[in-house]
Amino acid sequence: MPGAGREELERIRIETTNWDATEYRDAGCGQLTGDWADRTVRLAGWVHRRRDLGGVLFVHLRDRSGLVQLSFGPDWTTAPAAEIAASLSPEDVIQVEGRVVQRPESAINPEMKTGEIEVLVSDIEVLSGSDPLPILVAVPPEEDLPSEELRLRHRVLDLRRPEMLRNFEIRHRATRAARAALSDMGFIEVETPFLTRRTPEGARDYLVPSRLHPGEFYALPQSPQLYKQLLMTAGFDRYFQIARCLRDEDLRADRQPEFTQIDVEMAFVGEEDVYAACERMLQRVFAEALSEDIATPFSRLTWSEALESYGTDKPDLRIPWKLVDFSAALTGIGFGIFDAALEAGGRVRGFVAPGGAVLSRSALDKLDEIARAAGARGVLWTKRTADGYSGPVAKVLGGSAGEALARQFELAEGDLVLLVAGLDRETSPPLDAVRRAVATELDAVGATSAWLWVTEFPLFDADPETGRPTPSHHPFTMPRETSPERLREEPLAVESRAYDLVLDGTELASGSIRCHDAEMQRAILEVLGMSELEIESRFGFLLEAFRYGVPPHGGFALGMDRLAAMMVGAESIREVIAFPKTTAARGLMEGAPSAVDAAELADLGLRPA
RNA sequence: GGGGCUGUAGCUCAGUCUGGUUAGAGUGCCGGUCUGUCACACCGGAGGUCGCGGGUUCGAGUCCCGUCAGCCCCGCCA
């Protein structure tokens, strides 16, 4: 995962713009340097920690810019001020006046950015006191954070922690850089409606009852997809929006009901133009938010290459190993499972984990569980040892088959081969899961982040239950090299001009060249099972717009929350969302959702449940 | 909709497997000592509906059933 280590974040902090003096203060706490020595300053902020040594008393004063030490002593602090200082509680908001001085040599704190100076406080005022805290803001190092439930319930206190404020500073820098990069490339930011028309495909919509039209509902947007295509038709040429999107689906560590996308669309472009624009934007985002250079152009893999070599459409290329086909080498040598798989139209696929023989039996059992959880019967393995092979497959590798295997796949002593047999669509997910698990276990995940465009997705997938075509990306994607007639005849064979951007195994963005041909668009919607009437009522406004001259266009939407989470090194996007929902989609702090009284419902034409 | 983990002092946890005296620790909080600390140190004190409800038992934090909440995963997320 890319992302800034602690030291790096400190460096980023130093580059933060200095704050102008205000009615209450002359600078931010963390912005005081040796240059301020001997100056009298006013500061304001929160009491982070207090250390009362009897005769002298220290306070770490905190604001978003950082910490600075205040020093109270009989020689420079008035008696009433000293009395106030002695009674301060953590998180009291105070304002002080004092003189900035170089600390005595022995008292310099090299761990602290402002550790060379301190403020000898002459006067203090408590602007707002704090009750005892339900959760600590100044969490001692090595102490666990409070449970996420309490962090969310007391989010205001949780957000005060410097780590959290830093997350949001980095997120802000990333957003700002994206805006600047896109603006410089000629994109203009346009807002699209929040109260939209319901389109029943895809995710569940959040619905808003219409008071003026009882029984009718607006839908909150799942994405600005159709609006941005209409903007292209309207000649906006290059559009972007830092867009909030809403989907009423179950939550995950990387999924919230409302989330933010950098939504981009361009006219008169092909894939290469979109890739270039996106890469330029991300380059600037990483440069300006993390001072990190990312190399462009990003790698490319077609969707089918990705599945063949990695078993997934979002491979983590930090792991060097590729999946290979062992069918020829391992069938017909007396191992029933392999022969049966081949006979059923499947293959024996797997990968070589160099040095993997060090894995213990229990580690291999764990891999077997991972493979089962991903839908396989299990994972088979063999270790290349000094005298041949060991493991469940070893018994058929004693003779020439084993030698041929070693030669063909360049197996060295100490290597581990992991194998799953069956139909590709069944073996791909477990192979992907096992590949990632083994790499983590063996510490074989590279340190350099891996950007990847996955291209040429199929236009449709077959619904596993009904076998009917469903959109692989979305129904407004341009097919590759086909006609409306062929599309209707053999929809599942058609490739699309859709693409995904993958970073270290996480899907960060996806997009496509759009269908700008009304006839082709109708054919796609028909293949999805819509009648002429349905197409007209749901998408008539789009098709009508396409009748008056529509430029070829395409774009992408990039998940801003996931990007920000990866940039700050967080496991969950909740760490980069100020007020996120729980996995049950509740706001613990404000208490959302909440009941509404019957009169209010009646006004909206609704009855209580 | 399904599976898993967690719930004990304000907070983080131990104790639950193997039921038994007054449920412990660290931290925070309150009081005290201390002039160079920076997770200050030291002394003293207060603080508990063991998530909630029911059951088994002479006896339940501990065993059983249900339920609520938080988190992780599958389904779902064009």
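By convention in this document, chain letters (A, B, ...) are assigned in the order of the sequence lines, proteins followed by strands, and residues within each chain are numbered from 1. Below, each value reflects all heavy atoms present in this structure, side chains not excepted, and no hydrogens, waters or symmetry copies.
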Counting only Watson-Crick or G-U wobble pairs whose two distances fall under 3.5 Å, which nucleotide matches [N]?
N      : value
B:rC5  : B:rG70
B:rU35 : none
B:rC13 : B:rG24
B:rC29 : B:rG45

Practice problem: Could you note down all residue pairs passing salt bridge (Lys or Arg N to Asp or Glu O under 4.0 Å) where residues 83-98 of chain A supplies at least one of them, sequence neighbours left out? | Solution: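 Residue pairs passing salt bridge (Lys or Arg N to Asp or Glu O under 4.0 Å), neighbours aside: A:Arg62-A:Glu91, A:Glu91-A:Arg160.
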Self-check item: RNA chain B: 5'-proximal contact among A:Pro140 and A:Pro132 (nearest heavy atom)
Solution: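 Nearest-nucleotide comparison on RNA chain B picks A:Pro132.
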Quiz prompt | Given RNA chain B, 5'-ward residue of the pair A:Glu142 and A:Leu53, judged by closest heavy atom | solution =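 Taking each residue's closest nucleotide, the earlier one in sequence belongs to A:Leu53.
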Atom-pair distance ([atom1] on [X]; [atom2] on [N]), nearest Å:
X        : N      : atom1 : atom2 : value
A:Glu143 : B:rA39 : CD    : P     : 13 Å
A:Leu57  : B:rU33 : CG    : P     : 14 Å
A:Leu150 : B:rU12 : CG    : P     : 5 Å
A:Phe72  : B:rG36 : CZ    : C1'   : 15 Å
A:Ile117 : B:rG36 : CD1   : C1'   : 16 Å
A:Glu369 : B:rC5  : CD    : P     : 13 Å
A:Leu133 : B:rA9  : CG    : C1'   : 17 Å
A:Arg161 : B:rC11 : CZ    : P     : 16 Å

Exercise. Decide side chain to side chain contact (heavy atoms under 4.5 Å, CB included) for A:Leu220 and A:Asp205; before the verdict, give the C-alpha distance in whole Å, the side-chain angles of both, and the deciding distance to 0.1 Å.
Key: CA-CA 7 Å; A:Leu220 300 178; A:Asp205 288 316; over 6 Å; no
Whole-angstrom distance between [N] and [M], as gauged at atom [atom1]:
N      : M      : atom1 : value
B:rA25 : B:rU67 : C1'   : 32 Å
B:rG15 : B:rA23 : C1'   : 8 Å
B:rC68 : B:rU27 : P     : 38 Å
B:rG20 : B:rC71 : P     : 34 Å
B:rC34 : B:rC40 : C1'   : 10 Å
B:rG7  : B:rC50 : P     : 15 Å
B:rU37 : B:rG70 : P     : 46 Å
B:rC5  : B:rC77 : C1'   : 24 Å

Practice problem: Ignoring hydrogens and angles, tell me if any N or O in the side chain of A:Arg99 forms a donor-acceptor pair with the backbone of A:Val121 under 3.5 Å. | Solution: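 Side chain of A:Arg99 to backbone of A:Val121, a donor-acceptor pair under 3.5 Å: no, none is there.
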Answer with yes or no whether the side chains of [Y] and [X] bring together a donor and an acceptor at under 3.5 Å.
X        : Y        : value
A:Ser65  : A:Asp63  : yes
A:Gln521 : A:Arg514 : no
A:Tyr227 : A:Gln225 : no

Let me check something: any side-chain donor-acceptor pairs from residues 129-146 of chain A under 3.5 Å, sequence neighbours excluded? List them with distances.
none

Quiz item: Are A:Asp316 and A:Arg436 within salt-bridge range, i.e. N to O under 4.0 Å?
Solution: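 A:Arg436 and A:Asp316: not salt-bridged.
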Practice problem: May I ask you to say whether A:Asp254 pairs ionically with A:Arg562, meaning some side-chain N is under 4.0 Å from a carboxylate O? | Solution: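 The answer is yes: the pair qualifies as a salt bridge.
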Select base, sugar-phosphate, or nothing to describe what [X] touches, counting heavy atoms under 4.0 Å on all strands.
X        : value
A:Arg103 : base
A:Ser223 : base
A:Asp144 : sugar-phosphate
A:Pro90  : sugar-phosphate
A:Gln256 : nothing
A:Asp52  : base

Quiz item: Are OP1 or OP2 of B:rC40 and a side-chain N or O of A:Arg51 less than 4.0 angstrom apart?
Solution: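 Indeed, a polar side-chain atom of A:Arg51 lies that close.
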Self-check item: Per-nucleotide protein contact string for nucleotides 68-76 of chain B (B base, S sugar-phosphate only, - none; heavy atom under 4.0 Å)
Solution: -SSBSSBBB
Exercise. Answer yes or no: side-chain N or O of A:Arg50 and base N or O of B:rU37 forming a donor-acceptor pair under 3.5 Å.
Key: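 Answer is no: no donor-acceptor pair is held.
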